[in-house]
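Reading through the structure tokens given below for one structure.
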Protein chains: 2
Amino acid sequence: MIPTRKANKRQLILDEAAKLFKQKGFGGASMRDLASEVGIEAASMYNHIKSKDEILELICFRVSGMYISQLAEIEATAASYVEKIKALISLHIRLMIEDGAAVSVANHDWKYLREPALTEFKNARKQYEKGFAALIEQGIAAGEFQPVNVSVALFTILSAVRWVELWYRPGRELSAEELEANIITMLLTGLEKK
Amino acid sequence: MIPTRKANKRQLILDEAAKLFKQKGFGGASMRDLASEVGIEAASMYNHIKSKDEILELICFRVSGMYISQLAEIEATAASYVEKIKALISLHIRLMIEDGAAVSVANHDWKYLREPALTEFKNARKQYEKGFAALIEQGIAAGEFQPVNVSVALFTILSAVRWVELWYRPGRELSAEELEANIITMLLTGLEKK
DNA sequence: TTAGTAAACAAACGTTTGTTAGTTTATCGG
DNA sequence: CCGATAAACTAACAAACGTTTGTTTACTAA
């Protein structure tokens with residue numbers, strides 16, 4: 001079995017693109033850069049992908065799809081709201097660690113999507129935020145959470161989880177589990193000692 | 001007094017550049033885009049600035065300078081650590097609201113700085129983070145804060161404050177003061193009700 | 001062996017990029 | 001009114017961009 005022929009080169013291009021876009025930004029990464037990372041000429045990539053824009057779309061929508069499907073799973077469980085929010089925070093951290101490059105691109109470079117993909121992506125994100133916000137709102141109504149402004153709580157959590165991409169390295173002092181536990185403590189019980 | 005001649009066009013270019021870089025990213029914004037925003041031709045801008053790179057440097061270092069000098073002021077006060085951290089969070093939110101475009105650029109596009117500016121900027125940021133982290137560490141030692149991992153606390157706070165740029169609009173439901181109060185509550189006492 | 005095809009290539013395409021050069025216009029001090 | 005100067009303009013530059021074209025290579029199926 002020789003892997004030269006079959007081995008999905010399209011996926012390899014997408015993976016390398018995610019890494020490169022994260023590093024240099026969508027505009028800063030050229031198709032020649034990417035090709036050299038893949039190990040072929042720029043022109044040859046067009047046998048596997050339609051355009052640079054398509055690469056970005058595929059990365060962004062794969063990520064948004066993961067978040068939305070996972071949110072649906074969490075919504076469907078019978079856990080408390082505290083547990084559901086913890087699960088969501090955990091989801092974000094885990095995806096960031098396991099698929100950091102793609103998640104970074106979906107977080108930062110989505111704005112370079114062309115219409116109609118741009119609008120579609122924004123809608124997907126808004127849908128996700130709405131679902132997340134609803135859980136916070138219900139948690140407040142159920143008396144599990146403080147009566148904080150829902151949007152503030154939502155975006156504080158979503159943002160607080162993003163820095164993991166900039167900070168986490170596999171061989172860091174903190175393991176993924178410890179990291180997760182610390183962030184959840186910060187967000188749910190706060191910095192101040194009572 | 002006619003403002004046509006004197007009125008600092010250099011500053012106008014920098015202000016418009018910050019807005020445009022925030023909107024399109026440094027790579028995505030062309031000098032012709034920027035010139036059209038300023039109301040002159042691209043070539044004419046070179047009577048006021050040296051290069052596109054210089055524009056980015058001026059924006060980034062003005063922002064980093066503001067943060068560092070303000071941190072020094074806060075460090076010098078005699079307040080409790082809780083108050084100092086609150087002051088820092090307040091500082092971030094206020095700068096984001098008052099100078100959002102420039103802060104955004106310094107947050108996102110600093111990586112397009114060319115050496116030696118890039119290294120210099122990274123060092124400035126590291127210096128700021130070190131000072132911030134020291135306050136958290138001392139606050140824990142003084143028993144004011146929970147014994148959470150210092151890096152986690154630091155980056156959670158720094159990130160949690162960034163979304164204000166994406167979210168805050170002058171005519172929003174929440175005033176700047178309410179926004180600030182809500183974020184501080186979230187970060188210091190957490191989402192969960194005790 | 002041969003025909004078909006997936007995937008690589010080199011070369012060139014038309015744009016757009018940041019920037020420079022040279023020139024013209026407008027304002028102000030004398 | 002005249003000369004100086006700041007700041008605008010037009011035109012052009014080389015380089016880099018994403019992409020297309022036409023061709024060659026190498027593997028597979030008949």
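Sequence lines set the chain letters: A, B, ... in the order given, protein chains first and strands last, and positions in each chain run from 1.
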On the ring face of B:Tyr112, is B:Lys52 found with NZ or CZ under 6.0 Å from the centre and within 45° of the axis? no
Yes or no on side-chain contact (heavy atoms from CB on, under 4.5 Å) for A:Phe132 and A:Ile157, after CA distance, side-chain angles and deciding distance? CA-CA 10 Å; A:Phe132 203 140; A:Ile157 292 173; 3.9 Å; yes
Separation of atom CG in A:Asp33 from atom P in D:dT19, rounded to whole Å: 14 Å
Can you establish whether the number of heavy atoms outside A:Lys111 located under 6.0 Å from its atom NZ is more than 12? yes
I'd like to know if A:Glu16 pairs up with A:Lys19 as an ion pair, taking the criterion as any Lys NZ or Arg NE/NH1/NH2 lying under 4.0 Å from an Asp or Glu carboxylate oxygen. yes
Could you note down all residue pairs passing salt bridge (Lys or Arg N to Asp or Glu O under 4.0 Å) where residues 26-46 of chain A supplies at least one of them, sequence neighbours left out? A:Lys24-A:Asp33
Distance check needed: C:dT19 P versus B:Ile55 CD1, whole Å only. 8 Å
Quick check for you: among D:dC17, D:dA8, C:dT19, whose closest atom lies nearest to any side-chain atom of A:Ser30? D:dC17
With a 4.5 Å cut-off on side-chain heavy atoms, are B:Val103 and B:Tyr67 touching? yes
Taking the minimum atom-to-atom distance to the side chain of B:Tyr46, which one of C:dT20, C:dA8, D:dT20 wins? C:dT20
Describe the nucleic acid contact of B:Ala29 in one word from base, sugar-phosphate, nothing, applying a heavy-atom distance below 4.0 Å. sugar-phosphate
Any A:Lys9 side-chain N or O less than 4.0 Å from OP1/OP2 of C:dA6: no
Output a table of nitrogen or oxygen pairs between the protein and nucleotides 9-12 of chain C separated by less than 3.5 Å.
unit_1	atom_1	unit_2	atom_2	d
C:dC9	OP2	A:Glu41	N	2.5
C:dC9	OP2	A:Ser44	OG	3.0

Has B:His48 got a side-chain N or O lying under 4.0 Å from the OP1 or OP2 atom of D:dA6? no
In whole angstrom, what separates B:Met45's CE from D:dA8's P? 11 Å
